[in-house]
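Note that these values count all heavy atoms, side chains included, but never hydrogens, waters or copies made by symmetry.
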Amino acid sequence: MNAIKLAGILCIAAGVAGLLYGSFSYTKDTEVIKLGPVELSVKEKETVNVPMWVGVGAIVVGGALLLAGAKKS
């Protein structure tokens, strides 16, 4: 399997995951106060929404890469 086909498969998988889940979240540590040896930090939960057009676009690009990889072989 060449690199173009692998990239196509990864794009399709990412596009499908984006369409199925729609968003993902992560935790970010933020330093609030630092007074000498004492530090206070806050963990913030951030959510990123994945637009539908990004998922569909990734699937289309992945399909095009698979077709390009098949023609090259």
Side-chain angles (χ1 to χ4, degrees):
M1 183 180 305
N2 61 12
I4 294 176
K5 286 184 181 179
L6 182 61
I9 291 170
L10 290 175
C11 280
I12 291 172
V16 169
L19 289 176
L20 289 178
Y21 293 111
S23 65
F24 64 93
S25 60
Y26 62 94
T27 304
K28 180 173 86 170
D29 287 332
T30 305
E31 188 176 300
V32 178
I33 299 174
K34 185 175 183 181
L35 295 170
V38 178
E39 292 182 15
L40 294 174
S41 62
V42 176
K43 293 186 180 195
E44 297 180 61
K45 186 176 180 182
E46 299 283 333
T47 302
V48 178
N49 292 323
V50 179
M52 185 179 291
W53 64 268
V54 172
V56 172
I59 293 171
V60 169
V61 168
L65 288 173
L66 281 178
L67 289 176
K71 287 182 182 180
K72 249 185 173 180
S73 299

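In this structure, Gly15 and Ala58 approach most closely via the heavy-atom pair CA-CB, 3.8 Å. Contact detail for Leu65 and Cys11: the closest heavy-atom pair is CD1-SG, 4.3 Å. Residue Val50 comes nearest to Gly18 through the heavy atom pair CG1-CA, 4.3 Å, listed as atom of the first residue, atom of the second, then distance. Residue Ser25 comes nearest to Thr47 through the heavy atom pair CB-OG1, 3.8 Å, listed as atom of the first residue, atom of the second, then distance.
Clustering ILVMFWY residues whenever any of their side-chain heavy atoms sit less than 4.5 angstrom apart, transitively, puts Val54 in a cluster other than the one holding Leu10. Under the 4.5 Å side-chain contact rule for hydrophobic residues, Ile12 and Leu20 share a cluster. Hydrophobic clustering of Ile, Leu, Val, Met, Phe, Trp and Tyr side chains at less than 4.5 Å, counting indirect connections, keeps Met52 apart from Phe24. Side-chain heavy atoms closer than 4.5 Å link hydrophobic residues (I, L, V, M, F, W, Y) into clusters, and following such links, even through other members, never connects Tyr21 to Val48.
To the nearest 0.5 Å, the span separating CG on Leu67 from NZ on Lys5 amounts to 10.5 Å. With rounding to the nearest 0.5 Å, the separation of OG1 in Thr30 from NZ in Lys43 is 11.0 Å.
Residues passing the salt bridge (Lys or Arg N to Asp or Glu O under 4.0 Å) test with Lys34, sequence neighbours excluded: Glu39.
Within the hydrophobic cluster formed by Ile, Leu, Val, Met, Phe, Trp and Tyr side chains joined at under 4.5 Å, directly or through other members, Val42 is accompanied by Val32, Ile33, Leu35, Leu40.
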